[in-house]
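Whatever order the structure lists ligands and atoms in, that order sets their numbers, starting from 1. Bear in mind that the values here come from a model prediction, so they are computed numbers and not experimental data.
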Amino acid sequence: MDTNVIGKSLNRIDGRQKVTGGAQYAADIQVADKAYAYGIRSETAAGELLAVDATETEALPGVLAVLHALDAPKFFRCPDDLTVGERRPPFEDNQIYYAGQLVALVVAETFEQARRGAQLLKLKYREDSDVSLDFVASLKGGSPKETDSKSRGEPEGAFSAAKHRVDETYFTSVGVHCAMEMHGATAWWEEGRLVVEDSTQWVVGQRKALAKTFGIPESDVEVRSRFVGGGFGGKLFIWPTSILAAEAARVVGRPVQFSLDRRGQFTTAGHRPSTMQRIRLAADEEGHFLSLRHDSVNQTSYVDEYDESASDVSGSLYECPNVATSQGLIKMRTGTPTPMRGPGETPGLWALESAIDELAVEMGVDPLELRVRNIAERDGAKDLPWSANLHERCLREAAARFGWAERDPHVGSMREGDEVIGWGIASTSWAAMRSEASVNVEFHSDGTARVSCATQDIGTGTYTVFAQVVSELTGLPVERIDVRIGNSSYATGPISGGSMVTASVVPAIADATEKGLEALFELATSEDGPFAGRERAELQVCKGNVALVGSSEKAFGIGEVLKRGRLAYVRGEGKAAPGDEQDEYSFRSFGAHCVEVRWDPGVGRLRVSRVTSVIDSGRIINLKTASNQVYGAIMMGVGMALLEESVYDKRTGRPVSDNLADYLIPVMTDTPEVDLNLLDEPDPHLGKMGARGIGEIGLTGVAPAIGNAVYHATGKRIRKLPIRIEDLL
Ligand code: MOS
């Protein structure tokens, strides 16, 4: 496809606003008469709140209200078919389920007064001694609740009979999203109508949840989220913050802003749960997989059953006749886990792709070749053909670009100065999903276009994608396209989750643009139009001008056509939804990461020095924003592999590393050199333009590629993340 702007490296259209401070986030919103709330979180992980003494707090100047679990109106519960962060509404009762649970809120004229009021609040608890915060001990002590198990063929028998076998158990630790922008909202009521300026990945879901929680119609709730300072799954679903901001505003009859502080982000706003995953993988003499069993257990909270589904990917990624996957949950005294970039696949591929490397070592075959030998011809779990599968090409190209052929397979054999070099490879994969989306496109008499949709840009470039699609189909420059998203009042759009916004909205934007152009052509050929007497089909739009097909003369600007017809604007209402193709094909993106680590045993330093990634994500709409997604995801993978772990104090149940000094996330000096190739092959069956998502696939597979490289350098097979220096000494 010959394109003007699709696939190009366009700068973000909101980039200038962001770097000049013009972009306003939820906590920046200034409204008249705004009051501030400060949350009090339980310091105990298990027990009951017995008494609250607010005497001193209420005597403080500026304090407007104290809300707490012993004295608060009850919220309605959200129905089960609406996913929420915590199913239990805040302040439901006096039970304490985890350290960090919100138990009270002080509202005051200023933030400082609210915080001081919170410090003076006297809370009395009954504390239980059992906080059960040790994941491994919990697993030994209790039996996980099985939530899912799937099987095909004869996995047990095939395993026993196979020549080559791996049976190992892998662990991942609790990870926290650590978005720069905290969870927070500014809320107010306008004569019974609730307006919430929020930080959310799903304005439509947030509106629904708030309407249910307060028992009011959805039409009486407006959720705005024009900019989001990072989500990564942590802001997909509603958390107590937004509910309590709205409740506080109702109580004091003024706008209220309530944001979590950084510590609150570690307890009260979701996290990626810890997992234990046993892999039993067997192959024949040629290295064809004969049996794959993947049994995963993840930690969940006492209030919700969050299922990480880490084993699911093993049902599809490779060809294997005998497969069994299972998922179990074990309750722990933590806040409720939630999706964190690439949920399921991210921990799941850590286990699977590590086990494949172990099998390759056991067999003495190249881990690249072992993967290529087991490329799946079709999706074995769904028993459907792939819409497209460029897995082998990704593996081969990544290896070629990386220089894999130079790899000496002997452990510790590649050296440079004091450093031992390790090279590892892993596949990466993510389901290519799309959902229903409605979009409106208007052409205005000032020669601009306005495109609107109730979806949001969580930093990924969604604003720019909207502008590019309209620009591509009209020839209007992106500067003349006004993109309106981040408001639940627009036409219903998708959640910014599961890497599906682009695949969902692109066909809907195209449909709306075409319908808008139809309306414009109708006007142009009407009596008042510049092409009166002509047929609509004779017209086309080119470089923002309406003209006769095949003629370079007599072109009229879009605004000119509207002015002549004395219409302020025309509108196209577009819609796109997944259809029958979902029953005919399985949609999945594939890719490969090659990683180089450098291990300096003299000083105990381990670095990821180089990453080559080749990913098939369908058609790329914006090369720059798509690449940015993968660069960021690779950094997250480095963090997951080597640094990130939310550590809990096993005696108190409180997170110890609940700040950005103790919870280590990679910084610029940890950045590897990245060579990325996005194949840019349109998916033949996934909607107009064939774009798939790119958010999560950059992360899945990075950690095992690093672990495999660490093994190659050191000979140490580390099966628990993060890999620590002390594991290697
Ligand atoms: Mo993603 S974890 O669906 O934001």
Less than 4.0 Å between a side-chain N and a carboxylate O, is that true for [Y] and [X]?
{"X": "Asp261", "Y": "Arg41", "value": "yes"}
{"X": "Glu644", "Y": "Arg272", "value": "no"}
{"X": "Glu197", "Y": "Arg224", "value": "yes"}

For Lys575, does the NZ atom sit with more than 12 other heavy atoms under 6.0 Å from it, leaving out its own atoms?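 No, because the 6.0 Å sphere around NZ of Lys575 holds 12 heavy atoms or fewer from other groups.
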Between Asn622 and Thr464, do the side chains contain a donor N or O and an acceptor N or O under 3.5 Å apart?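 Asn622 and Thr464 do not have a side-chain donor-acceptor pair below 3.5 Å.
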Select all protein residues for which some heavy-atom-to-ligand 1 distance is less than 4.0 Å, and list them by chain and number.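 Residues near ligand 1: Gln201, Phe232, Gly233, Leu236, Pro339, Met340, Arg341, Pro343, Ser496, Gly497, Gly498, Glu696.
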Does Phe227 have its ring centroid less than 6.0 Å away from the ring centroid of Tyr463?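 That pair passes the under 6.0 Å test.
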